[in-house]
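Beneath this line is the structure, given in structure tokens, with notes to follow.
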Protein chains: 2
Amino acid sequence: MAAKKKSLEHASLLVLGLLAAEDMYGYQMIVELERRSDHTFQMKEGTLYPILHGLEQEGAVEAYEQQAPTGRMRRYYHLTRKGQALLHTEAEAWRSYAHGVDAVLHGILPLAEA
Amino acid sequence: MAAKKKSLEHASLLVLGLLAAEDMYGYQMIVELERRSDHTFQMKEGTLYPILHGLEQEGAVEAYEQQAPTGRMRRYYHLTRKGQALLHTEAEAWRSYAHGVDAVLHGILPLAEA
DNA sequence: GGATTATACCTCGATATTCTAGGTATTGCA
DNA sequence: TGCAATACCTAGAATATCGAGGTATAATCC
């Protein structure tokens, strides 16, 4: 009974999280997110690109173009120091939010898996 | 460094979660949510009441009025069987969503607390 | 007694976030 | 040649939540 594909609610946090490990280009992030979340969510292009542009304007990421082996141009994004700080803040907020929800739901579900 | 009060993103799930344990009235839910989440979030009245009315219309909750010891009228909500099913579905969706986010963020934060 | 605070309910319009649905262009494959 | 996958983008719609107001009663303080 796999969960349905869910919409996102912390899109920018997830983008920052991805970029913490390595530089990525947009399309790659969409594929990676679906893979890493075990197909739980699927970021839409209409969500991702505006977020990337916003993060770039804030100075949280920096973009550069690079040619793929195929010859196509890709726009890679790199996490700046400012972006790392932002990620840290948002990740912490996520932690306490998730904690809070779990506290309210405590005992509702039979702890599906380990 | 207590986290800032965060807005909600799963308001109806939290309402259902509260009602799983006992019947409650609106104002009480707001107070309880803040308490149980260790002051992490604070449901706004403008969020809660429309949700309660919606859940009632769906048949997920049933309302009844009851006089408080003070003499004031309170509108209590009771989780129906349908509401329990809804809660279960949403709680499971939450679990996999949270799992997915954690998978992406894995290793970002130094596991603040136990 | 009068004022203020806490309780208790409600709604409307604004804001924020994400999605839908389109668009462009290149590459690879059948 | 034509179609699918890759790769980028945007405008407007839809949804969720909040802010700020309203009403009314009960309790507390001066």
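What you are looking at is a predicted structure, and each value in this text was computed from that prediction instead of being measured. Just so you know, these numbers use all the heavy atoms, side chains as well, and skip hydrogens, waters and symmetry mates. Chain letters run A, B, ... following the sequence lines, proteins first and then strands; every chain starts at 1.
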Nearest-angstrom distance from the residue atom [atom1] of [X] to [atom2] of [N]:
X: A:Lys44; N: D:dC8; atom1: NZ; atom2: C1'; result: 17 Å
X: B:Gln42; N: D:dT17; atom1: CD; atom2: P; result: 15 Å
X: A:Gln67; N: C:dT26; atom1: CD; atom2: C1'; result: 12 Å
X: A:Phe41; N: C:dT18; atom1: CZ; atom2: P; result: 12 Å
X: A:Leu52; N: D:dC8; atom1: CG; atom2: P; result: 9 Å
X: A:Tyr97; N: C:dT17; atom1: OH; atom2: C1'; result: 14 Å
X: A:Met43; N: C:dC19; atom1: CE; atom2: C1'; result: 12 Å
X: B:Leu14; N: D:dC18; atom1: CG; atom2: P; result: 11 Å

Sorted by first residue and then second, give each salt bridge (charged side-chain N to carboxylate O under 4.0 Å, His left out) pair with at least one member in residues 11-27 of chain A; sequence neighbours left out.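 Of all non-adjacent pairs touching residues 11-27 of chain A, none passes salt bridge (charged side-chain N to carboxylate O under 4.0 Å, His left out).
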Parallel, tilted or perpendicular, as decided by the 30° and 60° cut-offs, for the rings of B:His10 and B:Tyr97: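 Tilted.
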Closest-nucleotide mapping onto DNA chain D: is A:Pro50 or A:Arg74 further toward the 5' terminus? I mean the 5' end.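 By nearest-heavy-atom nucleotide position, the 5'-most residue is A:Arg74.
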Let me know, please, whether A:Arg72 or A:His53 comes out on the 5' side of the other along DNA chain D by nearest nucleotide.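 It is A:Arg72 whose nearest nucleotide is closer to the 5' end.
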Flag, side chain of B:Ser96 to backbone of A:Thr40, donor-acceptor distance under 3.5 Å: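 No, B:Ser96 side chain to A:Thr40 backbone: no donor-acceptor pair under 3.5 Å.
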Do A:Arg95 and A:Glu92 meet the salt-bridge criterion of a basic N to acidic O distance under 4.0 Å?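 Salt bridge absent between A:Glu92 and A:Arg95.
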Answer yes or no: does a side-chain N or O of A:Thr70 lie under 4.0 Å from OP1 or OP2 of C:dT27?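 A:Thr70 to C:dT27 OP1/OP2: no side-chain N or O under 4.0 Å.
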Is there a side-chain polar atom (N or O) of B:Tyr49 under 4.0 Å from OP1 or OP2 of C:dC10?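 False: B:Tyr49 side-chain N/O out of range (4.0 Å or more) of C:dC10 OP1/OP2.
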Closest to the B:Thr47 side chain: D:dC9, D:dT17, C:dC9?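 Closest nucleotide to the B:Thr47 side chain: D:dT17.
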May I ask you to test the A:Leu105-B:Leu13 pair for a side-chain heavy-atom distance under 4.5 Å?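 Yes, close enough: below the 4.5 Å cut-off.
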Within the 4.5 Å heavy-atom criterion, are A:Trp94 and B:Asp102 side-chain neighbours or not?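 Yes - at least one pair of side-chain heavy atoms lies under 4.5 Å apart.
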For B:Gln57, is the CD atom crowded, meaning more than 12 foreign heavy atoms sit under 6.0 Å from it?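 For B:Gln57, atom CD is not crowded (no more than 12 foreign heavy atoms under 6.0 Å).
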Using heavy-atom distances to pick each residue's nearest nucleotide on DNA chain C, tell me which of A:Glu45 and B:Tyr77 is more 5'.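 The answer here is B:Tyr77.
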Just to be sure I understand the geometry, which residues of residues 16-30 of chain B put a non-hydrogen atom under 4.0 Å away from DNA chain C?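 Close to the strand are B:Tyr25, B:Gly26, B:Tyr27.
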